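Report on one structure; see the data block that follows.
By convention in this document, chain letters (A, B, ...) are assigned in the order of the sequence lines, proteins followed by strands, and residues within each chain are numbered from 1. Here the structure is a predicted model, which means the values were calculated and not measured.
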4 protein chains.
Amino acid sequence: MLEELRQQVVEANQAIVRHGLVLSTFGNVSAIDRAQGLVAIKPSGVPYAELKPSDIVVTDLDGKIVAGSLRPSSDLDTHIVLYRAFVSIGAVVHTHSEYATIWAQAGRAIPCYGTTHADYFYGPVPCTPVLSAQEVQQAYVRNTGEAIVRHFHSAEIDPESIPAALVAGHAPFCWGTTLDQAVHHAVILEFVARMALHTESLSGPGRGISQHLLDRHHRRKHGATATYGQGNPQTK
Amino acid sequence: MLEELRQQVVEANQAIVRHGLVLSTFGNVSAIDRAQGLVAIKPSGVPYAELKPSDIVVTDLDGKIVAGSLRPSSDLDTHIVLYRAFVSIGAVVHTHSEYATIWAQAGRAIPCYGTTHADYFYGPVPCTPVLSAQEVQQAYVRNTGEAIVRHFHSAEIDPESIPAALVAGHAPFCWGTTLDQAVHHAVILEFVARMALHTESLSGPGRGISQHLLDRHHRRKHGATATYGQGNPQTK
Amino acid sequence: MLEELRQQVVEANQAIVRHGLVLSTFGNVSAIDRAQGLVAIKPSGVPYAELKPSDIVVTDLDGKIVAGSLRPSSDLDTHIVLYRAFVSIGAVVHTHSEYATIWAQAGRAIPCYGTTHADYFYGPVPCTPVLSAQEVQQAYVRNTGEAIVRHFHSAEIDPESIPAALVAGHAPFCWGTTLDQAVHHAVILEFVARMALHTESLSGPGRGISQHLLDRHHRRKHGATATYGQGNPQTK
Amino acid sequence: MLEELRQQVVEANQAIVRHGLVLSTFGNVSAIDRAQGLVAIKPSGVPYAELKPSDIVVTDLDGKIVAGSLRPSSDLDTHIVLYRAFVSIGAVVHTHSEYATIWAQAGRAIPCYGTTHADYFYGPVPCTPVLSAQEVQQAYVRNTGEAIVRHFHSAEIDPESIPAALVAGHAPFCWGTTLDQAVHHAVILEFVARMALHTESLSGPGRGISQHLLDRHHRRKHGATATYGQGNPQTK
């Protein structure tokens, strides 16, 4: 069932390790088959190098396992909430990559301090509010996803324009139309998180680049007016 | 005598180098055979790459050498004090890993700023008080261990819940039930030390995550209610 | 057309990756054939490892493509403005190398805090003023180059003495007489940017080294009185 | 002439590159044959990987070349001043290693914040005062050495106990009885410089560890009472 997708999910989980985004076993990638409403996700606590397609757990959008004999990632419910709410996304990447996690630990959104950021994230990468005691004690993993979705809705942030969120006191979640794109967003998020931290060490917290520069750079790579690359700007 | 344990101690000493935790020759790993009351420890000043099982020094819990012709690590007495006081531990890892050492040099406990930390350390990683002139001048290495034990006892810290300590002005000691676990704790400690330092650079010193988030994450990986991994949460 | 130059431009684009100056695909190198008035530049969004000489786009100094079937780097117009204004330069390197970009994001010139800097840049590496809304919305890429040139002219900075500029909110551009030299300047700029940031973390923003030390070091490697190396100081 | 020493000087110059202490070509190592009063030093601007023993320049203690056809390192005169003043040393290492250079650029001595430092440097690693305009303009390289020597004499610092100095606005010089030791001191200096900078980011500038802890650690590895290693503490 979904053998090709499971193979791609194996490769994407190994890609986040290769890109240096994984501390220990902190990280998992999933993808969704929208036609069937099925999610393929890394099993919990299995070493990345040993992952096989048959290890990948397939669940429906209620989290019910429909293929695979292992326990799914303990973050499964967060992935599912994101797939349900953000209907255009095809893949979710969760890591504890160092600098994105540092911003999450500080409970702060990452301001857009430069064009590197603007090329991928159309504004600050938001950080969720801290969960309440009740949210943590009951359905914590699901509530983590709900916190992201609620924050995007209340702040009127478009998940396609800003394909990443920081969970306060925890770590980032990224997404994309495809697995490649979601992994790439996780890579870029780590870059911009690291540069933003050091930018503040030079000049203190600031407002970031101007709206017109943000517009210019984001539109260079995204949407109908994109001019970057050789015709496939979304995957570059 | 204890050949298998000595082989494992060789491998664990080489593992801390491979994980990037060793500056120069600053680091040593030991393990204890509780049944026999014997400790197997790295010899002093021998390059890690050349270590052979027969180089590993075996002592009793008074530090008396019972096997091996080399001088044991100069930190032996600290290891022995930890084995005597923390009766459930099976291995001790001492490194000068960069960021854990930085917190030790600053004389500060590492606050729990995120779930990465909470998954392994159930609260701040404590830092011992500075040793007195007398403690340094007499039986310094033993007194280093005594300072850790005294601090854990007086602050009512459970060494199983927080399997690491920083020695003020010096560096970290970590431990675990097994060699693998002790090494893994040293790896994670370095991660969380690095992220905590940079978290403070963004938002200043703070109290860390909420008690309910700390509880949630620590219990996810530890104790009877653990849900992480495929049934062996303690070693993941 | 210009086959040797295109081959060298391939190699220089791959060199900036090898030197760790490229985040993702953020970076491009060009060179000019002054006799023919032709510029050879990386195509947009093509992976560095796969670049072939025939992929390199050749344009005239109006940006008109005269060889190559791919779209040129989206930064082409900035390169062209630099070649037109700085008539002694033979190559331009643009990267988003981490620490140079951090200074650009902070909107600050890099002060000359040491002899490493002085050996290559005869004073602070300048940062352009922020572009106006109009400059961003119309001919943005060209205006980026114009901002560099205007800043060098108004501040009376010699582009041979300070072969690099930071574009506020964006990233660095470097140049040199040859491709090797321009790449080397990009490498050194990243070093001095990183050291300058951390120098300020120790002692706060300062004025940098004395004028006489700046003179001494710069002249050791540049100009008629150079004494460094075995007779080819410019390329070392 | 001095073929074995020249071979060792080649290896030591390559060792500082391997240890990550060299930015570009900023670094040079020399050794002295005390019986003959001859110094063997790296030639200026020659790539480390290509160095051959015959490239190593041999000079007397007046800087007169007695063997080798290349120009010696432009820092030769600093090395010579150190050999003349510090009569027990056998080798000198100059690098622009990143964090030691950062302290030099900040014009600050590196406080002794921990036992890693104390094991090798018996107190703060001093930084010279800034050179006067006259000192820079006349015999600059020799005056750099004189500034180190004068500072050690006036502050009554023993060059055997603290085998390194920072030159304000420039970079470090290290030394030792042997080439291996001098290189090792340069490696350790970089470690402690990096950890000291980040220690201050946690707790601000401080006084460092207590005198008794400094005494205890330094004596553990140095002098008649050394207990570290298997009998050759000086080279470990």
Side-chain angles (χ1 to χ4, degrees), chain A residues 19-21 99 110-121 180-181 183-222 225-236, chain C residues 22-27 43-47 55 57 69-76 94-111 127 130-141 143-144 166-171 193-194 196-201 204-205:
Chain A
H19 283 293
L21 303 178
Y99 282 86
I110 307 174
C112 179
Y113 285 129
T115 61
T116 321
H117 182 126
D119 275 350
Y120 286 93
F121 305 103
D180 279 357
Q181 204 189 55
V183 169
H184 191 54
H185 290 160
V187 170
I188 299 291
L189 178 66
E190 180 63 11
F191 285 159
V192 301
R194 201 163 64 204
M195 295 203 295
L197 182 144
H198 288 116
T199 299
E200 293 204 352
S201 86
L202 280 180
S203 54
R207 283 179 312 161
I209 62 173
S210 65
Q211 184 64 40
H212 41 267
L213 191 55
L214 177 59
D215 290 345
R216 188 65 165 81
H217 267 267
H218 201 71
R219 289 171 192 165
R220 193 173 72 148
K221 287 206 178 181
H222 300 270
T225 57
T227 58
Y228 187 83
Q230 303 297 331
N232 53 347
Q234 294 295 339
T235 59
K236 275 289 159 258
Chain C
V22 174
L23 305 180
S24 184
T25 59
F26 292 105
S44 182
V46 173
D55 295 334
V57 184
S69 56
L70 298 174
R71 202 185 288 179
S73 163
S74 57
D75 296 303
L76 170 66
H94 172 51
T95 77
H96 287 209
S97 75
E98 186 168 346
Y99 282 85
T101 301
I102 287 164
W103 284 90
Q105 292 194 159
R108 292 187 51 197
I110 306 174
C127 183
V130 169
L131 294 184
S132 69
Q134 193 176 7
E135 286 173 310
V136 169
Q137 283 151 5
Q138 300 170 2
Y140 164 63
V141 181
N143 288 333
T144 296
L166 308 177
V167 176
H170 186 166
R194 200 163 65 202
L197 181 145
H198 288 117
T199 299
E200 293 203 352
S201 85

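- Ranked by heavy-atom pairs under 4.5 Å with chain C, the first of A:H217, A:M195, A:Q211 is A:M195.
- Inter-residue side-chain proximity for C:E200 and A:S201 is flagged as unmet; no heavy-atom pair is nearer than 4.5 Å.
- Taking chain A as the reference chain and counting heavy-atom pairs below 4.5 Å, the highest number among C:P205, C:G169, C:A171 is found for C:G169.
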Could you walk me through whether C:S24 and A:I188 pass the side chain to side chain contact (heavy atoms under 4.5 Å, CB included) test, one step at a time? CA-CA 8 Å; C:S24 184; A:I188 299 291; 3.8 Å; yes
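- The structure places OH of C:Y99 at 7.5 Å from CZ of A:R194, a figure rounded to the nearest 0.5 Å.
- Of all heavy-atom pairs spanning C:H96 and A:T116, the tightest one is ND1-OG1, 2.9 Å.
- Checked against C:Q105 for a side-chain contact (heavy atoms from CB on, under 4.5 Å), the options A:I209, A:V192, A:T199, A:T115 give a single hit: A:T199.
- Of all non-hydrogen atoms in C:I102 and A:L202, the two that sit nearest each other are CG2-CD1, 3.8 Å.
- Both the backbone and the side chain of C:P43 have a heavy atom closer than 4.5 Å to some heavy atom of chain A.
- Ring geometry, C:F26 versus A:Y120: the interplanar angle exceeds 60°, so the pair is classed perpendicular (tilted spans 30 to 60°).
- Contact count against chain C (heavy-atom pairs under 4.5 Å) is highest for A:G114 among A:G204, A:G114, A:A118.
- Heavy atoms of A:D119 lying under 4.5 Å from chain C belong exclusively to its side chain.
- Using a 4.5 Å cut-off between heavy atoms, C:S132 contacts chain A through its backbone alone, with no side-chain atom that close.
- Between A:R216 and C:Q137 there is no side-chain heavy-atom pair separated by less than 4.5 Å.
- Proximity to chain C involves both the backbone and the side chain of A:Y113, based on heavy atoms less than 4.5 angstrom apart.
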